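Here the structure comes first, spelled out in structure tokens, and everything after it is commentary.
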Amino acid sequence: MLESIIKTMLNLNPQQHEAIHYLAGPLLVLAGAGSGKTRVITEKIVYLITQANYPPQQIAAITFTNKAAREMQERVGHLLRKPRTRGLTICTFHSLGMRFLREEAAAAGYKKQFSILDSADAGKIISELLGSSGREMVFKAQHQISLWKNSLLTPEAVIRQAEDPWTHQIGQLYASYQDTLTSYQAVDFDDLIRIPVELLQTDADIRYKWQLRLRYLLVDECQDTNTCQYALMRLLTGAEGKFTAVGDDDQSIYAWRGANMENLRLLQQDYPDLKIIKLEQNYRSTARILRVANQVIAHNPKLFAKTLWSEYALGDMIDVIACKNETHEADLVVSRIAHQKLVGGDAVHYRDFAILYRGNHQARVFEEALRSRRIPYRLSGGQSFFDKAEIKDVLAYVRLLANPDDDPAFLRAVTTPRRGVGETTLAKLNNYAKVAQCSLFEAARSMDALVELSPKSREPLMQFMAMLADYQTRATTEAAGSLLHNLLADIAYEAHLLNTEEGRAGEIKWCNVRDLLGWIGQKSEEDDKNILEIAQTIALMTLLEGKEDEDADMVSMSTLHASKGLEYPHVFLVGCEEGVFPHADSVEEGNIDEERRLMYVGITRARQTLTLTHCHKRKRAGSWEFHEPSRFIDEMPAEDIRLLGRKGSEPIVSQSEGKSILASMMARLDSLQS
DNA sequence: GCAGGTAGTGTTTTT
DNA sequence: CACTACCTGC
């Protein structure tokens, strides 16, 4: 056991070694792409537990995505046996906030079973508060409020400081939005971090309690922290600064949601004894890929100077393929994948390939192309499982059981499936609730409200309430899986799906629901939780855990944002066009630097080969749009790229020159077959 | 009260 | 093109 740990530590480079062993004070690790960042964090956790005698329950590693957290858990699990990791926290900022809030709910004026609203629900609330304003307005307002929350600005402060009428108006909206949330006993994603910060700032007892509990903090992707998350990190680690923050300013791609890479510099300011270690050796990509990446990112101003280098060979040229349109682009990429797979034989798998794009909508064409060639693929990011209508329907019931004051959940549940409770009834309930200052659920339970309803609309509502009451009493005792199963049978949800949906869509949806039930049942057994306790965790999930098997041999498709932290032997960066990538809005707003970092992230996902594509024209909102190749292509060293498909030069399918004879033979074979 | 049709419009990225 | 929001007719 110990030997194996020492053995793995032996092939650390000096910087990695130091980063893992340094415990004298606050530490910032500037880790370039592919420099072994995750390894440093995981091995540091192991080091803390096995060598430095930290009890696991006093260590927390914080990531930004569930995926990253899961991966880290897995890797620690490989190095340490289960009992030694008991109590160890590896989770996202948001789930840490949730756990905190669940425990300190009372101090925050919430009940334990508060609801967590996703952005769609939050958007609906804002849209209602705004009245008849357009969609764009709602979107802007929601975004603004989120930014304010993330900068720890209260509605009062915003209103006080407002200099123009718009800010003032949105400030008012912010205030009433927050009131609405509290009356629903609900929080949004931002609150999960904001409220703990406020509690830690104002309540010394809570602060001491948590600072004692968490003695060492490891923060992944520190450049992505916003002001609020940074504050949380500082409050939890206290003046001692017992933390290791890992980050890379060149990979900061979340400024649009309030992330502030200046936090890396702030760290230096706030902790004068901050130790900085740079990891610059890359263990992932060919020298050429790194040269291209370095060259592109050199166009950005630097927070910390850093140049990635590699011991690997120069490697293949970077292909840049000009395509006619998006279908052509998809065909080319997919046939290249098919071809490389064929040429590579057993050594090459579908899982070695990734198609990365700027926006989710770009995935469609590639999906079709892959499907038509029978190539298995996995879509990461995009519409989350929990965003599907049928899943949200079921979860509305779950949420409502946990927190009856959750009006958005009430509205959804009471109207799906349709049960004769419609607009007028809900309007009456709503009026009553407003006057009585209570939730819709309370209103529906109150006799005073019911007498105002006509008998024929009262009946279904009362039935619904009776059913809810029944399930509420059973919720804490009955197993989550069977409880939900019964509930869905009672509301005839399967029949509802099959009737409402065209063709096979209903069956698929019901399958999704059954997946969800299975997952909830399993989850509740594993962690011995009842349905009420599961209700909260679900809001923070993005993917069905355990469902995606890493080993499955599938081509990966992902947005550039979602690809951060991952690596693939062969990467296709598609849609490299002005207006698409960099995105037109970013160009307009002057956020080119962030787009360039996104390009840097994309390039550095690749291990062996990198292929960029761009289209001459693409269909958008029904009509054709013309695009120039991305400016980022011009920023790459000319000697490293090979331009294909421009001005009649036929795009070559074969990749590596080394086996050109074999390759061309295979290519011929391939074209004959297809 | 609800379903189905029509007209209008457009989110880049995620917890 | 595809999705949604609104409107109308049952």
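Since this is a predicted model, take the numbers as computed values, not measurements. In what follows, chains carry the letters A, B, and so on, assigned in the order in which the sequence lines appear, proteins first and then strands, with residues in each chain numbered from 1.
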Could you tell me how far apart A:W256 (CH2) and B:dT14 (C1') are, to the nearest whole angstrom? 4 Å

Sequence-distant partners of A:R618, side chain to side chain donor-acceptor pair (under 3.5 Å), two or more places apart: A:E329, A:E577

Side chains of A:N260 and A:E262: is there a donor and an acceptor less than 3.5 Å apart? no

Give a yes/no verdict on base stacking between B:dT12 and A:H583: centres under 5.5 Å, planes within less than 30° of parallel. yes

Return the orientation label for the A:Y174 and A:W148 ring planes: parallel under 30°, perpendicular over 60°, tilted otherwise. parallel

Between C:dC10 atom P and A:R418 atom CZ, what is the distance in whole Å? 20 Å

Can you figure out which of C:dC3, B:dT14, B:dT11 approaches the side chain of A:F139 most closely? B:dT11

Paired stems touching DNA chain B, three or more consecutive Watson-Crick or G-U pairs with both distances under 3.5 Å? B:1-10 with C:1-10

At less than 4.0 Å, is any side-chain N or O atom of A:R620 found next to OP1 or OP2 of B:dT12? Yes or no. yes

Check the angle between the aromatic planes of A:F366 and A:Y357 and answer parallel, tilted or perpendicular using the 30° and 60° thresholds. parallel

Whether the A:Y177 and A:D188 side chains hold a donor-acceptor pair (N or O, under 3.5 Å, no angle test) is what I'd like checked. yes

With sequence neighbours excluded, what pairs up with A:D585 under the salt bridge (Lys or Arg N to Asp or Glu O under 4.0 Å) test? none

Atom NZ of A:K564 and atom P of B:dT15: how far apart are they, to the nearest Å? 12 Å

Establish whether the base of B:dT12 is bridged to the side chain of A:T559 by a donor-acceptor pair shorter than 3.5 Å. no

Kindly point out which of B:dT14, B:dT12, B:dT15 is positioned nearest to the side chain of A:A562? B:dT14

Closest of C:dC3, B:dT14, B:dT15 to the A:N360 side chain is B:dT14

Salt-bridge contact A:R364-A:E367 (side-chain N to carboxylate O under 4.0 Å): no

Can you measure A:L356 atom CG to B:dT12 atom P for me and round it to whole angstrom units? 19 Å

For atom CG of A:N591 and atom C1' of B:dT12, their distance in whole Å: 11 Å

If I take atom CG in residue A:D191 and atom C1' in nucleotide B:dT15, what distance separates them, rounded to the nearest angstrom? 13 Å

Aromatic-base stack, A:F93 on B:dT15, cutoff 5.5 Å, angle under 30: no

Which nucleotide sits closest to the side chain of A:E595: B:dT12, B:dT14, C:dC3? B:dT12

If I take atom CG in residue A:N150 and atom P in nucleotide B:dT15, what distance separates them, rounded to the nearest angstrom? 14 Å

